[in-house]
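Quick caveat: nothing in here was measured; it's all calculated off a predicted structure. Protein chains get the first letters and strands the later ones, always in sequence-line order, with residue 1 at the start of each.
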2 protein chains.
Amino acid sequence: MNGAFKALADPTRRKILQLLAQRDMTAGEIADCFSMAKPSISHHLSTLRAAGLIDDERHGQNILYSLNTTVFQQLMQWFFEISGMESKDSVPEGVNRDEKNE
Amino acid sequence: MNGAFKALADPTRRKILQLLAQRDMTAGEIADCFSMAKPSISHHLSTLRAAGLIDDERHGQNILYSLNTTVFQQLMQWFFEISGMESKDSVPEGVNRDEKNE
DNA sequence: TCAATATTTAGACGATTATCTAACTATCTA
DNA sequence: TAGATAGTTAGATAATCGTCTAAATATTGA
């Protein structure tokens with residue numbers, strides 16, 4: 001979770017996620033959406049990948065990136081719990097309801 | 001939104017939010033939950049406050065901090081949209097569904 | 001008004017991060 | 001197999017971040 005939160009802290013990475021929410025894209029296509037050197041985008045992609053937020057799959061010369069929504073579900077659960085919208089038994093009681101997240 | 005995402009990138013700050021999700025607390029009470037110098041916690045609190053994630057209210061010598069759930073709602077909306085769970089008319093179409101967030 | 005308590009502000013320092021250019025690896029095609 | 005294309009890795013650098021100690025501000029109560 002920590003890696004995911006840190007990955008989301010950068011606006012370029014969030015923009016990449018928004019692009020991938022619309023359709024899968026190759027590294028080059030993603031890079032073309034930014035006025036930034038390709039290696040910088042590549043680095044952002046590897047950060048997102050390490051955080052579990054995206055998947056990659058090689059297709060010939062291209063590497064196709066796609067969203068991995070699994071971690072997004074966990075993040076949303078975290079927000080629901082913070083916002084006091086958790087379901088009755090998902091958060092029993094006590095101070096350490098977060099232990100597993102960090 | 002950018003400030004909120006950056007504020008969430010630090011584990012200490014997320015822990016503070018989790019504490020405040022349970023009850024309002026003074027700066028001192030919050031600091032007592034961590035093995036970190038008080039000024040460091042104070043700095044984290046001001047970051048969270050600048051991000052709109054918490055509110056503060058002076059009560060005599062103490063300053064009472066509380067969660068501000070407004071920004072949390074916006075963040076959750078962002079996640080819903082990314083995860084493709086948005087409601088039909090909240091996100092019309094096109095590439096720039098995110099324009100207002102950054 | 002003075003001392004004590006609660007908290008923040010200021011300034012410094014080491015660690016992390018975002019970006020760049022240059023060089024490398026992998027794949028395709030002629 | 002050589003050249004072109006797609007993408008990553010390496011290494012450097014400037015900026016940002018998290019933490020600390022010391023000093024300042026605000027409030028209370030004697």
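- Across all strands shown, A37(A) has heavy atoms under 4.0 Å from base atoms, whether or not it also approaches the sugar-phosphate.
- Counting any heavy atom pair closer than 4.0 Å across all strands shown, Y65(A) reaches sugar-phosphate atoms only and no base atom.
- The separation between E57(B) atom CD and dA26(D) atom C1' is 16 Å, rounded to whole Å.
- Using modelled atom types, one finds no donor on one side chain facing an acceptor on the other under 3.5 Å when comparing Q77(B) with Q73(B).
- The listed nucleotides are dT7(C), dC17(D), dT27(D); the one nearest the side chain of K38(B) is dT7(C).
- The distance from atom NZ of K6(A) to atom P of dT16(C) is 8 Å, rounded to the nearest whole Å.
- Of the residues in residues 39-52 of chain B, those with a non-hydrogen atom less than 4.0 angstrom from any atom of DNA chain D are P39(B), S40(B), H43(B), H44(B).
- For M36(A), the side-chain atoms get nearest to dC20(C) when compared with the rest of dT8(D), dC20(C), dA18(C).
- Taking side-chain N and O atoms only, N62(A) has no distance below 4.0 Å to OP1 or OP2 of dT27(C).
- For Q61(B) against dT5(C), a side-chain-to-base donor-acceptor contact under 3.5 Å is present.
- With respect to R49(A) and D55(A), no salt bridge is recorded, no charged nitrogen being found less than 4.0 Å from a carboxylate O.
- If you measure from atom CZ of F5(A) to atom P of dC17(D), you get 18 Å, rounded to the nearest angstrom.
- Among dC17(D), dT7(C), dA6(C), the nucleotide with an atom closest to any side-chain atom of A27(B) is dT7(C).
- A sub-4.0 Å separation between OP1 or OP2 of dG18(D) and a side-chain N or O of R13(B) is present.
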